[in-house]
Engineer: 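Here you go, one structure.
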Protein chains: 2
Amino acid sequence: MAETVAFDPVDLQILRLLQNDARTTYRDLAAQVGVAPSTCLDRVARLRRSGVILGRELRLDPAKLGRGLEALLSVQLRPHRRELVGPFVERIRALSESRALFHLAGPDDYLVHVAVADTADLQRLVLDEFTSRREVARVETRLIFQQWSCGPLLPPARDGSAAS
Amino acid sequence: MAETVAFDPVDLQILRLLQNDARTTYRDLAAQVGVAPSTCLDRVARLRRSGVILGRELRLDPAKLGRGLEALLSVQLRPHRRELVGPFVERIRALSESRALFHLAGPDDYLVHVAVADTADLQRLVLDEFTSRREVARVETRLIFQQWSCGPLLPPARDGSAAS
DNA sequence: GCTGAAACGAGTCCTAG
DNA sequence: CTAGGACTCGTTTCAGC
């Protein structure tokens with residue numbers, strides 16, 4: 001859980017390359033980073049053990065799966081107590097329409113990123129799964145016109161001024 | 001760009017498995033789906049060509065990379081004209097702190113998901129990259145307490161009532 | 001379009017430096 | 001920790017169904 005402070009340039013380069021394609025072979029990885037394939041294998045195994053690498057996921061096109069409409073739902077819970085929060089979160093996560101869920105600081109307690117077929121589907125989702133729930137005090141829906149993923153989350157980009 | 005309506009149960013199962021681990025071998029895939037490895041290879045190639053599979057990405061832990069604090073920034077642009085939008089989007093996407101960017105319908109034009117080191121870093125980011133820009137009329141910052149990823153985006157879950 | 005086997009190439013382990 | 005080699009296993013192709 002702590003910040004695993006030590007990352008070689010080699011580690012970072014490996015992460016960068018794997019972010020572009022998680023299926024890059026260790027051979028290619030090795031060639032591009034400048035170490036032996038077996039070393040790459042070792043590095044990646046260590047990175048996995050350290051917890052930096054949480055998984056290798058497929059990025060899919062929601063539109064191609066009949067989910068051409070995406071939206072963000074700001075949800076405000078009524079009492080916002082722990083007993084309500086757990087079940088609410090689990091229910092939302094289990095919805096096939098949910099893509100991501102955030103617990104936020106601020107007036108809106110939760111933000112839910114959903115992908116649906118069309119506006120009728122969105123209306124159904126909001127009515128049946130959100131506003132009909134007792135603990136949900138308010139839901140604000142914002143359509144997503146367009147979205148972009150932003151670079152590879154690397155590097156930390158620090159100078160020598162790291163306060164450990 | 002259109003909805004590629006046709007997906008076998010085999011295709012869907014393959015997508016489901018690859019979502020859990022994009023590096024699942026075609027051999028394992030075949031064993032779990034119930035077809036030959038060569039068929040899996042063929043299916044995946046077709047899925048890639050169809051555009052459903054956009055990429056194989058690594059999921060990393062931001063905290064382990066010195067980015068333990070995440071936030072959502074709601075940004076309102078002043079005139080919100082096309083000439084301003086393009087450069088703004090490109091600049092935000094290029095920031096190493098940005099994780100995702102959404103163009104929204106509603107009073108807040110953009111939502112930016114950022115990952116930073118600490119509150120000081122967040123303040124610097126907001127001041128230097130957002131409020132200092134002429135086209136940015138307002139920025140609202142909401143911290144992320146916790147976040148969850150939500151299931152594998154599959155299946156479309158439709159009955160026979162598909163209107164082609 | 002799916003299968004199975006065979007050839008090729010990559011992943012993995014081990015030993016040594 | 002890294003490199004190189006050898007063995008194992010996965011991927012890919014192709015002929016046949």
Side-chain angles (χ1 to χ4, degrees), chain A residues 2-61 64-66 152 154-156 158 160 162 164, chain B residues 2-61 64-66 152 154-156 162 164:
Chain A
E3 335 249 320
T4 319
V5 280
F7 285 117
D8 291 18
V10 173
D11 287 329
L12 292 174
Q13 183 72 359
I14 287 174
L15 288 175
R16 218 183 311 265
L17 289 168
L18 283 177
Q19 283 229 332
N20 292 333
D21 185 0
R23 212 152 180 165
T24 307
T25 64
Y26 294 105
R27 200 166 158 276
D28 287 355
L29 225 51
Q32 292 184 65
V33 174
V35 294
S38 50
T39 305
C40 272
L41 184 73
D42 211 33
R43 292 298 191 109
V44 172
R46 217 179 314 157
L47 287 169
R48 299 207 80 192
R49 258 184 278 112
S50 80
V52 202
I53 297 178
L54 296 172
R56 290 87 60 103
E57 288 181 343
L58 225 54
R59 197 158 52 86
L60 299 180
D61 184 351
K64 291 272 166 60
L65 290 162
L154 291 167
R158 289 290 193 83
S164 65
Chain B
E3 335 250 317
T4 320
V5 280
F7 286 117
D8 291 20
V10 173
D11 287 329
L12 291 174
Q13 183 73 359
I14 286 174
L15 288 176
R16 218 182 313 263
L17 290 167
L18 284 178
Q19 283 227 331
N20 293 333
D21 184 0
R23 212 150 180 166
T24 307
T25 64
Y26 294 106
R27 197 168 159 275
D28 288 355
L29 225 51
Q32 291 184 66
V33 174
V35 294
S38 49
T39 305
C40 273
L41 184 73
D42 212 31
R43 292 298 191 110
V44 172
R46 216 179 314 157
L47 288 169
R48 300 208 79 193
R49 257 183 279 114
S50 80
V52 201
I53 297 178
L54 296 172
R56 290 87 59 102
E57 287 181 344
L58 226 53
R59 196 158 51 87
L60 299 180
D61 184 351
K64 292 272 166 58
L65 290 164
L154 291 167
S164 65

Engineer: For DNA chain C, whose closest nucleotide is more 5', that of A/Arg27 or that of B/Val35?
Structural biologist: B/Val35
Engineer: With rounding to the nearest 0.5 Å, note down the distance linking CG in B/Leu58 to CD in A/Gln19.
Structural biologist: 6.0 Å
Engineer: Which string of ( ) [ ] | and . matches DNA chain D, if you list each base 5' to 3' and count Watson-Crick or G-U pairs only when both distances are under 3.5 Å?
Structural biologist: ||||||.||||||||||
Engineer: Rounded to the nearest angstrom, tell me the gap between atom CZ in A/Arg23 and atom P in D/dG10.
Structural biologist: 12 Å
Engineer: Could you grab the distance from atom CD of B/Gln13 to atom SG of B/Cys40, nearest 0.5 Å is fine?
Structural biologist: 10.0 Å
Engineer: Would you compute the distance between atom NZ of B/Lys64 and atom CG of A/Leu54 and round it to the nearest 0.5 angstrom?
Structural biologist: 7.5 Å
Engineer: Calculate the interatomic distance between A/Phe7 atom CZ and D/dC1 atom C1'; express it in whole Å.
Structural biologist: 17 Å
Engineer: Go through residues 36-44 of chain B and report each residue with a non-hydrogen atom lying under 4.0 Å from DNA chain C, sorted by number.
Structural biologist: B/Ala36, B/Ser38, B/Thr39, B/Arg43
Engineer: When rounded to the nearest 0.5 angstrom, what is the spacing between CG in B/Asn20 and CD in A/Glu57?
Structural biologist: 8.5 Å
Engineer: Send over the distance from B/Leu29 CG to C/dC2 C1', rounded to a whole Å.
Structural biologist: 16 Å
Engineer: With the side chain counted from C-beta on, respond yes when B/Asp8 and B/Arg43 share a heavy-atom pair under 4.5 Å apart, and no when they do not.
Structural biologist: yes
Engineer: Please confirm whether the backbone N or O of A/Thr24 pairs with a side-chain atom of B/Arg23, one donor and one acceptor, at under 3.5 Å?
Structural biologist: yes
Engineer: Tell me: OH of A/Tyr26 to P of D/dA3, nearest whole Å?
Structural biologist: 16 Å
Engineer: Starting from P on D/dT11, measure out to CG on A/Asp28 and report it in whole angstrom.
Structural biologist: 15 Å
Engineer: What distance separates B/Leu41 CG from B/Thr25 OG1, expressed to the nearest 0.5 Å?
Structural biologist: 11.5 Å
Engineer: Would B/Thr39 and B/Val10 satisfy side-chain contact (heavy atoms from CB on, under 4.5 Å), going step by step from the backbone distance to the final call?
Structural biologist: CA-CA 10 Å; B/Thr39 305; B/Val10 173; 5.8 Å; no
Engineer: Starting at CD of A/Gln32 and ending at C1' of C/dA10, how long is that distance when rounded to a whole Å?
Structural biologist: 16 Å
Engineer: Please report the interatomic distance CG(A/Leu17) to CG(A/Leu29), rounded to the nearest 0.5 Å.
Structural biologist: 5.5 Å
Engineer: Please give, in whole Å, the distance from C/dG1 P to B/Leu47 CG?
Structural biologist: 13 Å
